[in-house]
Number of protein chains: 2
Amino acid sequence: MSVILTTPAKKRSTRTAPEIRARSFDRVTDRPSQIENLLSQKEQDRLREIATVLEYRRGGLTIFSEGEDAHFVYAIDEGVIRISRHAENGQRQILAFMVPGDLFGLPDGGMHVNTAETVSAVRLYRFPWQQLVRMMMEEPQLQLNLLVRVAYDLRQAQRQIMILGQQSTDQRLAFLLLDFLRHPEFYDERDGRLRLPINRFDLADYLGIARETAVRAIAKLERDGLLRRIDSETIQILDVAGLRAMQLGRRRRSASTD
Amino acid sequence: MSVILTTPAKKRSTRTAPEIRARSFDRVTDRPSQIENLLSQKEQDRLREIATVLEYRRGGLTIFSEGEDAHFVYAIDEGVIRISRHAENGQRQILAFMVPGDLFGLPDGGMHVNTAETVSAVRLYRFPWQQLVRMMMEEPQLQLNLLVRVAYDLRQAQRQIMILGQQSTDQRLAFLLLDFLRHPEFYDERDGRLRLPINRFDLADYLGIARETAVRAIAKLERDGLLRRIDSETIQILDVAGLRAMQLGRRRRSASTD
DNA sequence: CGCCGACTTGACACCAATCAAGATAAGTGG
DNA sequence: CCACTTATCTTGATTGGTGTCAAGTCGGCG
């Protein structure tokens with residue numbers, strides 16, 4: 001069975017072709033998503049029964065928005081998405097970028113509190129939340145798996161709190177770059193080239209700085225010989241150790257001086 | 001059965017008497033901790049079987065430190081604790097203050113990644129992690145309860161990311177004050193007096209600012225007529241609405257201007 | 001009474017947000 | 001293929017905010 005989903009046209013979209021395709025979950029990929037790794041064959045089969053595959057053809061598409069009723073949770077099979085939230089004054093903060101294997105969309109009081117949008121073309125697995133809850137009550141191992149994932153997200157969030165609470169602009173940028181260096185999807189270790197899948201807007205909103213400040217931070221690291229800009233979305237990393245060292249410096253003294 | 005635990009003497013401690021007492025979990029409080037609310041009587045009984053009550057007599061005591069092996073999780077029955085983490089350069093960031101009903105100490109790879117310390121006198125329930133896991137595998141409802149709690153912590157962490165990424169010093173302070181206003185334990189709505197259970201060190205390390213900056217922010221809110229300092233740990237709130245309004249202003253324009 | 005830690009205030013330099021303007025690149029329509 | 005539009009990226013100038021160093025005050029405790 002094949003289903004075509006429609007989404008409200010994005011402001012920057014000029015296409016009219018369907019951006020998303022959905023179909024039932026069977027043999028769509030040879031790389032199993034991480035959620036399957038810890039589960040028995042039987043459990044995987046049951047998950048497949050309730051899952052739908054969604055395909056988003058490009059970046060900038062909304063998967064769900066904060067405030068909407070939440071009926072599904074999602075797992076990424078391919079591509080990058082961003083999780084963001086808007087303050088009451090309208091400012092956007094990007095809470096996380098998520099990559100294949102990550103899970104997102106857990107409801108909070110039946111609603112989505114965050115917004116999820118594609119950064120690149122994306123393939124997702126979509127699970128009906130109610131059915132998933134029923135399954136989890138019967139399969140404790142499945143529930144434990146979900147618990148581990150949420151706990152991981154919590155650790156990641158705390159990590160970002162550390163960055164935003166303590167690091168200078170340059171350090172924040174180094175932190176983001178080092179994170180992306182771990183993904184061979186974006187970083188070619190041989191020639192040292194990193195293709196940043198995110199634009200300066202997203203980068204700034206993630207690091208909690210202004211867009212111009214982000215650009216200047218990149219320019220500074222370039223002056224310092226740590227990297228070289230190829231084009232706006234590609235940079236060549238010249239000194240990984242230097243980036244790491246930069247994170248160790250201190251922006252401000254700790255309030256609690258021992 | 002009564003057990004006496006010992007902890008390494010704290011630097012500011014001059015006492016020699018035992019700071020912590022532990023005893024088995026039975027009828028120690030007439031106010032049930034929140035973890036019990038959603039559980040059946042049978043499940044509560046089972047929880048009691050594996051729980052121990054710990055009492056810390058004062059603030060500044062370490063419950064566990066980052067890097068230690070994690071064998072227990074904890075629930076707060078009474079008092080306030082702080083969860084912190086130290087960056088590689090030694091800077092401390094306070095990730096959260098936790099109050100009665102909150103749960104903390106979930107292991108990550110068998111270890112504690114954060115440090116937990118008492119802010120005031122505290123009574124805790126301590127649960128052996130392994131036994132709790134076994135119970136959860138048999139009682140899905142218990143596990144779901146834990147999942148809900150971790151998800152809640154994640155939302156709180158994301159909330160702090162919003163604050164640290166977007167808000168000015170004054171706004172951050174207003175945010176913290178408004179949070180404490182919700183707890184009748186600290187805020188007397190009649191005379192408007194707020195007893196801050198945390199010192200300026202903790203306050204600054206929580207908000208990601210320098211200690212002096214925190215003091216100056218308080219002074220500024222006082223000049224603006226929003227509050228009045230009684231003594232270093234007590235302030236009188238004069239304009240709650242003004243504090244709320246302060247949070248809505250924007251420190252900087254969003255990077256993603258629509 | 002004197003010490004000590006926590007709190008507070010002042011001075012100053014520097015970093016980053018903001019406003020402004022230009023550069024680059026990709027798309028669009030002629 | 002070229003002019004035009006638009007979005008994104010980049011750089012400059014300016015100002016306010018915040019970290020840091022320094023000094024002083026306050027309160028508790030021995």
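Within every chain, numbering begins at 1; the chains are lettered A, B, ... in the order of the sequence lines, protein sequences first and strands thereafter. All values below come from the heavy atoms of this structure, side chains included, with hydrogens, waters and symmetry mates left out.
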Under 3.5 Å donor-acceptor pair, R211(B) side-chain atoms to dG19(D) base atoms
no
Can you confirm whether or not the ring centre of F72(A) sits under 6.0 Å from the ring centre of F64(A)?
no
What's the CG-P distance between L196(A) and dT8(D), to the nearest Å?
16 Å
When rounded to whole Å, the NZ to P distance for the pair K220(B) and dT8(C) reads 17 Å
When you compare the side chains of Q236(B) and D191(B), does any donor N or O come within less than 3.5 Å of an acceptor on the partner?
no
In whole Å, I'd like the distance from the CZ atom of R172(B) to the C1' atom of dG17(D).
12 Å
I need the E233(A) CD to I230(A) CD1 distance, nearest 0.5 Å.
12.0 Å
Tell me the interatomic distance from E212(B), atom CD, to dT25(D), atom P, rounded to whole angstroms.
17 Å
Measure the distance from CD on Q171(B) to P on dA17(C) and round it to the nearest whole Å.
13 Å
Show the nearest heavy-atom pair for residues Q247(B) and I163(B), with the distance to one decimal.
NE2-CD1, 4.2 Å
Select one nucleotide: of dA17(C), dT9(C), dG12(D), the one nearest the side-chain heavy atoms of I209(A).
dA17(C)
Heavy-atom nearest pair, A214(A) first then L203(A), reads CB-CD2, 3.8 Å
Of the listed nucleotides (dT18(D), dC7(C), dG12(D)), which one gets closest to any side-chain atom of N199(B)?
dC7(C)
Could you tell me the separation between the CZ atom of F201(B) and the P atom of dG19(D), rounded to a whole number of Å?
15 Å
What is the distance from CD of Q166(A) to P of dG19(D), rounded to the nearest Å?
12 Å
Roughly how far, to the nearest 0.5 Å, is the CG atom of L227(A) from the CG atom of L177(A)?
6.5 Å
Check the phosphate of dA16(C) against T169(A), side-chain N and O only, distance under 4.0 Å to OP1 or OP2. Yes or no?
yes
Spacing between Q167(B) atom CD and dT18(D) atom P, to the nearest angstrom:
11 Å
Please find the pair of heavy atoms, one from H112(A) and one from S65(A), that lie closest to each other, and give the distance.
CB-O, 3.7 Å
What residues in residues 224-233 of chain B put a non-hydrogen atom under 4.0 Å from any atom of DNA chain C?
R229(B), S232(B)
Quick check: any donor-acceptor pair below 3.5 Å linking the side-chain of R200(B) to the base of dG5(C)?
no
